[in-house]
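The structure appears below as structure tokens.
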Amino acid sequence: QVQLVETGGRLVQAGGSLRLSCASSGLISDIKLMGWFRQAPGKEREFVAAISWTGSTTYFGDFVKGRCTISRDDAKNTVYLQMNNLKPEDTALYSCAADVSPNWERLPHSDLMYDYWGQGTQVTVSS
């Protein structure tokens with residue numbers, strides 16, 4: 001029902017910035033919340049940020065500490081994740097996900113709440 005495609009991941013030096021994009025298609029009207037998660041080999045998947053499909057309610061993971069912003073372009077059906085002051089520990093596969101649940105406000109940080117996932121885009125931060 002919903003298809004997601006992430007782009008923008010690349011190799012970047014520590015202290016640099018990246019903007020990741022998540023383009024959505026399909027039944028866009030079903031989406032309530034768009035989130036970003038990341039996962040490195042041997043580690044658990046972590047919540048990065050999320051934004052409501054309508055309005056501008058945002059959520060951020062505990063590790064972000066003000067380094068990330070999330071935004072939405074309704075004309076392009078695209079959500080962006082801006083990451084600044086990147087660190088080697090930010091190296092991971094970053095994936096976007098769509099939540100179509102009516103109770104999306106409850107647990108935006110839980111990957112179990114999301115219904116559709118993209119393939120992910122690799123971010124590698126060198127020291």
Side-chain angles (χ1 to χ4, degrees):
Q1 292 182 316
V2 176
Q3 297 81 45
L4 307 172
V5 179
E6 306 96 332
T7 57
R10 67 176 193 272
L11 174 66
V12 63
Q13 292 185 340
S17 300
L18 284 175
R19 189 181 75 163
L20 307 182
S21 299
C22 177
S24 60
S25 60
L27 297 178
I28 307 301
S29 61
D30 287 350
I31 298 175
K32 304 298 189 302
L33 183 74
M34 290 291 297
W36 283 95
F37 292 81
R38 71 182 189 183
Q39 187 169 29
K43 297 183 179 179
E44 297 295 322
R45 183 153 56 190
E46 295 179 302
F47 171 73
V48 180
I51 186 170
S52 60
W53 195 248
T54 301
S56 57
T57 302
T58 58
Y59 308 87
F60 295 96
D62 293 337
F63 74 91
V64 171
K65 298 181 179 180
R67 296 188 295 124
C68 296
T69 58
I70 187 168
S71 60
R72 188 184 72 246
D73 185 335
D74 292 338
K76 298 181 178 180
N77 295 323
T78 298
V79 170
Y80 303 97
L81 178 68
Q82 177 71 40
M83 300 188 293
N84 303 314
N85 191 25
L86 288 164
K87 308 176 185 299
E89 53 263 41
D90 293 323
T91 295
L93 182 72
Y94 285 72
S95 301
C96 66
D99 184 359
V100 300
S101 173
N103 63 342
W104 59 269
E105 296 175 290
R106 292 185 60 189
L107 296 170
H109 60 281
S110 175
D111 56 359
L112 298 178
M113 295 297 296
Y114 293 82
D115 305 283
Y116 302 97
W117 293 80
Q119 291 283 81
T121 185
Q122 179 67 38
V123 172
T124 302
V125 184
S126 63
S127 61

Do side-chain atoms of [X] reach the backbone of [Y] as a donor and acceptor pair under 3.5 angstrom?
{"X": "D30", "Y": "V100", "value": "no"}
{"X": "R45", "Y": "A40", "value": "no"}
{"X": "Y114", "Y": "P108", "value": "yes"}
{"X": "S110", "Y": "L107", "value": "no"}
{"X": "T121", "Y": "G9", "value": "yes"}

Are [Y] and [X] co-members of a hydrophobic cluster defined by side-chain heavy atoms under 4.5 Å apart?
{"X": "F63", "Y": "V12", "value": "yes"}
{"X": "L18", "Y": "V125", "value": "yes"}
{"X": "I70", "Y": "L4", "value": "yes"}
{"X": "M113", "Y": "I31", "value": "no"}

Spacing of [atom1] belonging to [X] relative to [atom2] belonging to [Y], to within rounding of 0.5 Å:
{"X": "S101", "Y": "R106", "atom1": "OG", "atom2": "CZ", "value": "8.5 Å"}
{"X": "Q122", "Y": "L20", "atom1": "CD", "atom2": "CG", "value": "10.5 Å"}
{"X": "E6", "Y": "L93", "atom1": "CD", "atom2": "CG", "value": "7.5 Å"}
{"X": "C22", "Y": "N77", "atom1": "SG", "atom2": "CG", "value": "10.5 Å"}
{"X": "I51", "Y": "M34", "atom1": "CD1", "atom2": "CE", "value": "10.0 Å"}

Once side chain to side chain donor-acceptor pair (under 3.5 Å) is applied, what residue pairs with a partner in residues 10-24 remain, sequence neighbours excluded?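 The answer is S17-N84.
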Around atom CG of D62, are there more than 12 heavy atoms of other residues, nucleotides or ligands at under 6.0 Å?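 No.
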On a heavy-atom basis, which atom in [X] and which in [Y] lie closest, and how many Å separate them?
{"X": "C68", "Y": "V48", "result": "SG-CG1, 4.4 Å"}
{"X": "A14", "Y": "P88", "result": "CB-CD, 4.2 Å"}
{"X": "V2", "Y": "A98", "result": "CG1-CB, 4.3 Å"}

Tell me whether R67 forms a cation-pi arrangement with F60, defined as NZ or CZ under 6.0 Å from the six-membered ring centre and within 45 degrees of its axis.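 No cation-pi geometry.
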Are the charged groups of D99 and K32 less than 4.0 angstrom apart, N to O?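 No, this pair does not count.
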What do the steps show when you test L33 against W53 for side chain to side chain contact (heavy atoms under 4.5 Å, CB included), and what is the final call? CA-CA 5 Å; L33 183 74; W53 195 248; over 6 Å; no
If the plane angle is over 60° it's perpendicular, under 30° parallel, otherwise tilted; pick one for W117 and F37.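 If you compare the ring of W117 with that of F37, the planes turn out tilted.
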Between the side chains of Y116 and Q3, does any donor sit under 3.5 Å from an acceptor?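 There is no such pair between these side chains.
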Side chain proximity check, E46 to D111, heavy atoms < 4.5 angstrom: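 Side-chain contact under 4.5 Å: no.
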Can you check whether Q1 reaches D115 side chain to side chain, under 4.5 Å on heavy atoms?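 Contact flag for Q1/D115 side chains = no.
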I'd like to know whether F47 forms a side chain to side chain contact (heavy atoms under 4.5 Å, CB included) with W36, so could you lay out the CA-CA distance, the side-chain angles of the two residues, the decisive distance to 0.1 Å, and finally the verdict. CA-CA 6 Å; F47 171 73; W36 283 95; over 6 Å; no
